[in-house]
Amino acid sequence: MMPTIGRLKTRPDFLKVAAARAKWVTPGLILQARRRPAPEPTIQRDRPVLESGDPEIRIGFTVSRKVGNAVRRNRARRRLRAVAQEIMPGCGRAGTDYVLIGRRETLERPYTALRDDLCAALKRLERDRGAGRAPRVGRQRRP
RNA sequence: CCAGACGGCCGGAUGGCCGCUUUCGGUCCGGGAUUAGUCCUGGACCGGGGGAGGAAAGUCCGGGCUCCACAGAAACACGGUGCCGGGUAACGCCCGGCGGGGGCGACCCCAGGGAAAGUGCCACAGAAAGCAAACCGCCCGCCGACGCCUCUAGGGGCCCAGGCGGGUAAGGGUGAAAGGGUGCGGUAAGAGCGCACCGCGCGGCCGGUAACGGGCGCGGCACGGCAAACCCCACCGGGAGCAAGACCAAGUAGGAACGGUAGGCCCGCAAGGGCCAGGCGGGUUUCGGCGCCGCCGUUCGGGUGGGUCGCGCGAGGCGUUCGGCGACGAACGUCCCAGAUGAAUGGUCAUCCCUUCGCGUUCGCGCGAAGGACAGAACCCGGCUUAUAGGCCGUCUGGCACU
């Protein structure tokens, strides 16, 4: 079942994702992720929530002033949105909040490379969690 | 053809695939109200339409709109503007003139009211910087060391360093600026002392709506500059801003505590009510008028991730005609043209276009690579300022060549 795509819109949401400390840096973008807890805050503790229970993927975009003026920031956000729209329905994990952070390289990087960056970052974060290790901050060498 | 001046315009094009937002129509699925008919409202899909700029920018002026009860009057304070006439809703904007300056020219530039209302300042240099003075010098008078000449001894004469008194402002020198400039006359030397021209001032005349210009007469020159020093004059300006503001929902709340201060009259058994005084009301005071009510001060607390409206028919765009040198105005016709809110208006690929470079060339061009600016609406208009690759059009000026 294809998960639905939503948007992160408020500052507290972004702060929660950043606090999860699951982050991967690629040349074209930075990806942060956070599993959402079960919608019902009942006593059922850290038991893994089934994907079918909460099928929504939510994505937020952050492009700071460091990237450039308003036109450049708009363009970076739009490229990230296009990449996410193409990749996330297939590769993203349902019930997760993602934040994509634009970099200066987001503007210049070829589209296919940007797509590969997102796939690699998703796989890496998935493997970290799947291996049971604590989510950690990593950096990929530039190809 | 080259160089230049001014004005106007464009701001890559087409297509495929995948999206966003808004609106209209349809289908389907919900929610609410209602006896029902029906109405309100949310979502998905399909189809159609709209979807960034000339500066959207800086937020520097002017307005609309909203709230401050009204935005009233006068004075003061503060701020702004500053040649004249016009345009405009208005402006510090625009147009046309005037004056001054620059350019061979087309044209360009100018913070351009008042310095005989007052105060202040004028560094350095210089004798002297604003009220008349005089450092060097020039000239006149008197005295006159030394020297020279002369004489019969006392003496006389000449020359002159210097001193005293007076005249002068031409020359030197300083400066951004030294009490008009140039020339001729004049004089002991000089000086508007006299004259001519220029400048300046005053008066009236003519032209012009005016700024101002022209010429005439008079005056011998007084009145230096700085107002982007204070200031004076004229005119303009109430304040805050769409996070304005309105409604709905939620909400401990109709905030709390402490201190100070709460007058008089009337109705009423009382609770309470009314009037006057008092206090508060976004520069100050006074007046008019209105609203609110215990008032004032200190401390503490709540809220700041809600929704809808405001929100786009407007000083609106385009076209034609008419008026005007022009800014602009009028009439008629026609069009509806972005409304987001972690913030849409795009992502990607291909082809074409333009520029640069390299290679090839049959000089027509072909192939390859790189690049295509400044920049994103946030309530809306009118301006200004700043940024901007490349390109197009028109008018004009100065050269060169040809006829």
Side-chain angles (χ1 to χ4, degrees), chain A residues 1-130 134-143:
Chain A
M1 169 180 151
M2 195 67 95
T4 59
I5 305 287
R7 286 289 298 277
L8 292 181
K9 294 204 167 179
T10 62
R11 182 171 165 76
D13 285 338
F14 282 80
L15 292 178
K16 275 185 220 158
V17 174
R21 301 196 54 78
K23 173 180 169 187
W24 191 251
V25 179
T26 70
L29 53 87
I30 298 169
L31 180 70
Q32 295 176 324
R34 171 178 180 267
R35 291 294 305 273
R36 267 198 311 283
E40 292 85 8
T42 42
I43 322 297
Q44 183 175 355
R45 254 185 68 86
D46 210 14
R47 200 68 55 86
V49 182
L50 294 176
E51 258 75 16
S52 58
D54 186 9
E56 196 180 34
I57 298 178
R58 296 196 305 168
I59 309 171
F61 302 95
T62 294
V63 180
S64 76
R65 295 182 66 104
K66 214 160 49 173
V67 173
N69 60 21
V71 175
R72 296 161 87 77
R73 293 199 302 273
N74 272 342
R75 184 170 156 78
R77 192 185 322 112
R78 285 164 177 162
R79 293 195 85 193
L80 290 180
R81 215 172 52 199
V83 167
Q85 191 214 336
E86 186 177 350
I87 301 295
M88 281 305 189
C91 304
R93 178 176 283 270
T96 308
D97 288 345
Y98 294 101
V99 171
L100 281 93
I101 301 174
R103 315 184 68 190
R104 212 162 302 181
E105 190 63 26
T106 309
L107 296 167
E108 307 292 333
R109 198 153 170 82
Y111 185 72
T112 52
L114 201 60
R115 209 166 46 194
D116 294 344
D117 283 346
L118 180 57
C119 284
L122 279 170
K123 276 182 200 149
R124 180 68 189 222
L125 289 181
E126 197 62 28
R127 197 177 63 190
D128 281 356
R129 197 177 54 184
R136 61 187 191 107
V137 173
R139 175 174 278 274
Q140 178 185 355
R141 202 57 68 205
R142 200 176 160 166

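Chain A is the first sequence line, chain B the second, and so forth, proteins listed ahead of strands; every chain is numbered from 1.
At a cut-off of 3.5 angstrom, counting only N and O atoms as typed in the model, there is no donor on one side facing an acceptor on the other between the side-chain of Arg78(A) and the base of G342(B).
Looking at heavy-atom distances under 4.0 Å, Asn74(A) makes contact with a base. Residue-level contact check: Arg81(A) touches the backbone only, with heavy atoms under 4.0 Å from sugar-phosphate atoms and none from bases.
One finds a salt bridge joining Arg109(A) and Asp117(A) here, because a Lys/Arg side-chain nitrogen approaches an Asp/Glu carboxylate oxygen to under 4.0 Å.
Shortest non-hydrogen contact noted between Leu8(A) and Phe14(A) is O-CE1, 3.7 Å.
If you take OH of Tyr111(A) and P of C18(B), they are 13 Å apart, rounded to a whole angstrom. Here the P atom of nucleotide G342(B) and the CD1 atom of Ile59(A) are 17 Å apart, to the nearest Å.
Residues Arg75(A) and Asp13(A) both approach RNA chain B. Their nearest nucleotides, taken by heavy-atom distance, put Asp13(A) toward the 5′ side. Comparing Ala82(A) and Gln85(A), the nucleotide of RNA chain B nearest to each residue sits closer to the 5' end for Gln85(A).
A stacking contact links Phe14(A) to G342(B): the aromatic ring centre lies within less than 5.5 Å of the base's six-membered ring centre, and the planes differ by less than 30°.
Side chains of Arg72(A) and Asn69(A): no donor on one and acceptor on the other come within 3.5 Å.
Here Arg115(A) does not reach the OP1 or OP2 of U348(B): none of its side-chain N or O atoms lies under 4.0 Å away.
To the nearest whole angstrom, the two P atoms, one in C193(B) and one in C146(B), are 46 Å apart.
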